[in-house]
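Below: one structure, written as structure tokens.
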Amino acid sequence: FIKGFARTGDTFFGYNVAVEQNGLDEPWIAKPGDRRRFGYYRVDRVDPSQRDNAYLHALLLDYSQGENSWADPARTLRDYLVRVVPGSDDLLLGKAYLALGPLRVPVSYFVLERHRRA
């Protein structure tokens, strides 16, 4: 996926775009003719008083706060993002969790590399 980030006023949010399935050494490009956005999330600092507070120094991508349908399973995702290089947003490390009631189940790690400025 390609993750996009945007801002409206003081609110930060994001979305996913499917990519062309090509080789690992090939560039990541959106599927030709398919620019649909999905998997919407809100981006915020981790609040230590809230349930999703595993990494206080991270940003939280909260899919339950995005514009996803109530039936969309993406609503159960919670991603934490940290900078790999202090002060740079060019490379980020993420850890994804499923929120299942009060449980938080780790499902994967991922890396985000800046594709371009939007």
[X] side chain near [Y] side chain, heavy-atom distance below 4.5 Å:
X     : Y      : value
Arg37 : Asn16  : no
Tyr41 : Lys3   : yes
Phe13 : Val43  : no
Leu81 : Leu112 : yes
Val82 : Leu93  : yes

Are Asp72 and Tyr63 linked by a side-chain donor-acceptor pair shorter than 3.5 Å? no

Test question: given the 4.5 Å side-chain rule for I, L, V, M, F, W and Y, name all other residues clustered with Ile29, or answer none. none

The criterion is side-chain contact (heavy atoms from CB on, under 4.5 Å); which residues satisfy it with Asn53, sequence neighbours excluded?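 Checked Asn53 against side-chain contact (heavy atoms from CB on, under 4.5 Å); matches are Val46, Leu56.
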
Residues which pass side-chain contact (heavy atoms from CB on, under 4.5 Å) with Arg83, listed by chain and number, not counting sequence neighbours: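 Result, side-chain contact (heavy atoms from CB on, under 4.5 Å) vs Arg83: Asp89, Leu92.
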
Please list all pairs meeting salt bridge (Lys or Arg N to Asp or Glu O under 4.0 Å) that have one or both residues in residues 54-63, counting only residues at least two apart or in different chains.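 For residues 54-63: Asp62-Arg78.
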
Taking everything shown except [X] itself, do over 12 heavy atoms lie less than 6.0 Å from its [atom1]?
X      : atom1 : result
Phe1   : CZ    : no
Glu20  : CD    : yes
Glu113 : CD    : no

Just list the side-chain donor-acceptor pairs under 3.5 Å for residues 94-103, sequence neighbours left out, or say none.
{"unit_1": "Lys95", "atom_1": "NZ", "unit_2": "Tyr55", "atom_2": "OH", "d": "3.0"}
{"unit_1": "Lys95", "atom_1": "NZ", "unit_2": "Tyr97", "atom_2": "OH", "d": "3.2"}
{"unit_1": "Lys95", "atom_1": "NZ", "unit_2": "Tyr109", "atom_2": "OH", "d": "3.4"}
{"unit_1": "Tyr97", "atom_1": "OH", "unit_2": "Tyr55", "atom_2": "OH", "d": "3.1"}

Check: Leu91 main-chain N/O paired with Arg114 side-chain donor or acceptor under 3.5 Å: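 Checking the backbone N and O of Leu91 against the side chain of Arg114, no donor-acceptor pair under 3.5 Å is found.
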
Just by distance, do the side chain of Ser88 and the backbone of Val85 share a donor-acceptor pair under 3.5 Å? no

How far apart are the closest heavy atoms of Gly39 and Ala74, and which atoms are they? CA-CB, 4.4 Å

Shortest non-hydrogen contact from Ala54 to Tyr80?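 Scanning both residues completely, I find the closest heavy atoms to be N-OH, 3.2 Å.
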
Among residues at least two apart in sequence or on other chains, which ones pass salt bridge (charged side-chain N to carboxylate O under 4.0 Å, His left out) with Arg104?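 Testing Arg104 for salt bridge (charged side-chain N to carboxylate O under 4.0 Å, His left out), a comparison that skips the adjacent residues, returns Asp52.
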
Which value, rounded to the nearest 0.5 Å, describes the distance between Leu61 atom CG and Arg42 atom CZ?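 Leu61 CG to Arg42 CZ: 12.0 Å, rounded to 0.5 Å.
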
May I ask whether Ile2 and Phe38 are part of the same hydrophobic cluster, defined by side-chain heavy atoms of I, L, V, M, F, W, Y residues being less than 4.5 angstrom apart, directly or through others?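 Cluster IDs for Ile2 and Phe38 differ.
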
